[in-house]
Amino acid sequence: MSIQEVFDFIFYGKQQRTLTITTTPPDAIVTINGVPGNSLAVYEGTNVTYTVERSGYFSKTASVKMTEDMNVHVALEPDLSNTEIKFTVQTTAANQQIPIAMLRTSDTQTLAKITYGDGKSSMISVPQYNGSQSWTDNEGNIHYVDNGNTFYHVYETAGKYEITINAGVNVSHVRFCEGLTSDPAGYLAPKINNYIQEILTFRSDSLSNLDYTFAGLSQANVSPSFKLETPEVSTMIASFYGFGVGREFDSFPANMLSLINKPTILRGTFFKAGLKKILPGFLDSFTELVSVFECFKNSKLGKGYYNGINAGQYTTMAVQGSNDFVPVSLFWKNPKLKDISHVFNYIGEGWFGNLSSGYLAYFTIRRELLWNGKTTGNQSGTIESAFYAFGKCNRVLCEPNILKHAPNMVYLGGLFTQTNQMQHPVGWGTMIPVAASESEIYQFAVSDGNYTATPIAGKGLTFDLKLMFPAASYPKIKCISGAFTVAATGNTMGFQHKIDYTPNGQVAKLDLSMNGSDFLSKFPNAKEGSIDAYAKMLLGQSGGTESDKNDGRHGVFYLLDQDNRISDKTTLPRLVFNNAIPY
């Protein structure tokens, strides 16, 4: 009590008056004359200043002179400047109700304003995030998601509309699909949303969770200059699952993710997405990235990418890497990367286009793709796990010495499983040079019916396992199970088949057969009992005995015993030819 108040009471007999503040929202913080609390008693005639504040709302301050007991209600206005989301939708019928978005807050409550683009808008109450539904990934990790409903709007007239969502700092999660259901692929599958056509703006300083945010938007694209302006995001599981898959598109903008650097895992982030190409720099901001498990799995990457290209031009592209749909520099700014398992599993539907000659194009695997952190100081890559990394890509050619920059590799299980047609001809009389080493190619010739192959300086590609793994030993590798399988029989199918391109107008014959025992000896620690629990779970083996499944060589050469390409096939352990992979 101040001296003035004491005098007022003694000399003038002033009574105490009580100021009581109620608020909207009800949990706002009230301070009266510097004292925290919703009420304060003072002597009549006293000037009182009160402040009402809450995160996500504009604060209010006012003063009153107390002449009587007073009850004041203060309604704060929401500060909706933190988050702005704009996108377009297409309706096809009158009075059509469509899903808009699911918004969630990490706070007790917050508000958001949705402007629907038809002259109408709504102020909505955003529920708390409730991650009560769980799913278990292929590594056995349990993830929790909020599977609540979206907000809806009815459009009286069919047409295209631009929607804007404004929200405050309290909003932590946004998702556009209506719901999620169990999926045999291991994720929760999004309900398809065909209404959203284009994402224009996505800005928030508070959003931390982009799990499934854009999943299921099968007809959507992003604007040419689109960027995720969400620097606080730390998790991006299945964020673009199935995005654009119904329309397919060239690529996302190179700097779309450039403001995000917190995630350590990009699990299934672009699973089944419709992009056909990754632009250089796409993942450069993820300096803490440890895993890209299934990041681009089952996406449209590379689908028909080389369709119609001149065969002669393609040979240069294939060798020089001048037109790759996966840039060799993709991981060069990710110095901590350890796991690339399934990252490019079954991309492009296994078809990368028919050249102008009608011949098939290939997915070229480059050794420096595995040199993560190359431009940030790594003298070599840190990748350890590559389970099924290029599995089921069907048509693959490789640079020699594929693990040159990946000396820490431990798991190659299923690496190239179901790699089928592999050959160098790409047109009549036109072929990709056949590598003899990293810096040599074969010069083919024939004289008096004798075919020769002489190494000369040059750069080429290969499907010769001896050349892909030229080191005497890879002692860190414990698992090559199912790594080099083929799914079909034929003289152009799978690793190590004999080269004879005379039917294609080429003087080119080369025996690539190998001694299987010699090749397996390069991996001395991929052996009986070398499969740990982690590897066993990731492999998901379907064939063989339990003892076979614990062997790091199980099914490594499935269907490569179809001819004599493995010269000692009859003396190798039978388990190396088992159909061990569940595809």
Side-chain angles (χ1 to χ4, degrees), residues 305-323 350-366 393-402 416 418-470 484 486-514 519 559-567:
Y305 185 74
Y306 299 108
N307 211 37
I309 287 181
N310 176 271
Q313 294 176 331
Y314 174 70
T315 59
T316 301
M317 293 176 184
V319 171
Q320 300 301 328
S322 56
N323 188 20
W351 174 68
F352 308 111
N354 288 75
L355 306 173
S356 61
S357 60
Y359 283 62
L360 291 163
Y362 294 85
F363 178 17
T364 302
I365 313 300
R366 307 196 185 280
C393 284
N394 198 16
R395 298 177 178 94
V396 166
L397 287 174
C398 298
E399 290 185 339
N401 202 359
I402 198 69
F416 291 111
Q418 288 200 19
T419 298
N420 293 324
Q421 186 170 4
M422 309 174 81
Q423 64 174 12
H424 294 80
V426 290
W428 177 259
T430 305
M431 63 182 284
I432 296 168
V434 180
S437 69
E438 288 183 52
S439 58
E440 296 175 307
I441 59 174
Y442 285 111
Q443 183 181 66
F444 295 102
V446 60
S447 178
D448 296 328
N450 295 315
Y451 288 84
T452 57
T454 305
I456 61 172
K459 185 176 180 181
L461 302 177
T462 187
F463 56 87
D464 181 355
L465 293 174
K466 304 187 301 297
L467 190 54
M468 291 167 58
F469 301 92
F484 311 117
V486 63
T489 58
N491 57 13
T492 63
M493 297 292 175
F495 295 96
Q496 303 311 119
H497 68 74
K498 181 185 297 185
I499 286 178
D500 181 359
Y501 298 150
T502 55
N504 303 95
Q506 296 284 345
V507 179
K509 289 188 178 184
L510 185 65
D511 184 2
L512 296 182
S513 63
M514 70 178 186
F519 180 77
L559 275 188
L560 295 188
D561 58 346
Q562 61 183 271
D563 49 30
N564 294 319
R565 68 187 72 184
I566 297 181
S567 58

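Any value given below was found using the heavy atoms of this structure, including those in side chains, with hydrogens, waters and symmetry copies removed.
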Looking at side-chain heavy atoms only, is the closest gap between I309 and M317 below 4.5 Å? yes
Look at the aromatic rings of F519 and F484 and report parallel, tilted or perpendicular, splitting at 30° and 60°. perpendicular
Heavy-atom closest pair, residues K509 and T502: CE-CG2, 3.9 Å
Across all chains, not counting sequence neighbours, the salt bridge (Lys or Arg N to Asp or Glu O under 4.0 Å) partners of D511 are none
Please report the shortest heavy-atom distance between V396 and C393, naming the atom on each side. CG2-CB, 3.8 Å
Cut-off 3.5 Å, side chains only: do N323 and Y306 have a donor facing an acceptor? no
Crowding at CG, N491 (>12 non-hydrogen neighbours, <6.0 Å): no
Is there a side-chain contact between F444 and Q506 in this structure, where contact means two heavy atoms from C-beta onward sitting under 4.5 Å apart? no
Heavy-atom check, side chain of L465 versus side chain of M514, under 4.5 Å: yes
Rounded distance [0.5 Å steps], OG1 in T316 versus CD1 in I432: 10.0 Å
CZ/R395 to CE/M493 distance, rounded to the nearest 0.5 angstrom? 7.0 Å
For Y442, all residues meeting side chain to side chain donor-acceptor pair (under 3.5 Å), sequence neighbours excluded: none
Would the F495 and F416 ring centres measure less than 6.0 Å apart? yes
Under the side chain to side chain contact (heavy atoms under 4.5 Å, CB included) criterion, do Q562 and V486 qualify, and how do the steps go? CA-CA 10 Å; Q562 61 183 271; V486 63; 3.8 Å; yes
Heavy-atom distance under 4.5 Å between the side chains of W351 and L360, does that happen here? yes
N307 side chain to N354 backbone, donor-acceptor under 3.5 Å: yes
Shortest non-hydrogen contact between P400 and S437, atoms and distance: CG-O, 3.5 Å
Distance, nearest 0.5 Å, that separates OG of S356 from CG of N310: 4.5 Å
Which pair of heavy atoms, one from L461 and one from H424, lies closest together, and at what distance? O-NE2, 3.0 Å
T492 side-chain N/O to Q421 backbone N/O, donor-acceptor pair under 3.5 Å: no
Reported CD-to-CG distance for the pair Q418 and N394, which is rounded to 0.5 angstrom: 8.5 Å
Given 3.5 Å as the limit, does a donor-acceptor pair link the side chain of D448 with the main chain of N450, or not? no
Heavy-atom side-chain contact between D561 and I566 under 4.5 Å: no
Check: K459 and E399 side chains under 4.5 Å, non-hydrogen atoms: yes
Taking side chain to side chain contact (heavy atoms under 4.5 Å, CB included) as the criterion, tell me which of Y314, F352, F463 meets it with Y362. Y314
Under 4.5 Å between any side-chain heavy atoms of L512 and K498, yes or no? no
Nearest 0.5 Å, what's the CD-OG1 distance between Q443 and T452? 8.0 Å
For side chain to side chain contact (heavy atoms under 4.5 Å, CB included), just list the numbers for M431 and N504, CA-CA rounded to whole Å, side-chain angles, deciding distance to a tenth of an Å, and then say yes or no. CA-CA 9 Å; M431 63 182 284; N504 303 95; over 6 Å; no
Between D500 and Y451, is any pair of side-chain heavy atoms under 4.5 Å apart? no
Nearest 0.5 Å, please: how far is NE2 in H497 from OG in S513? 12.5 Å
Indicate the atoms forming the closest heavy-atom contact of A453 with L510, along with that distance. CB-CD1, 3.8 Å
Provide the closest heavy-atom pair for M468 versus T462 in the form atom of the first, atom of the second, distance. CG-CG2, 3.9 Å
Suppose we screen for salt bridge (Lys or Arg N to Asp or Glu O under 4.0 Å). Which residues come up paired with D563, at least two apart in sequence or across chains? R565
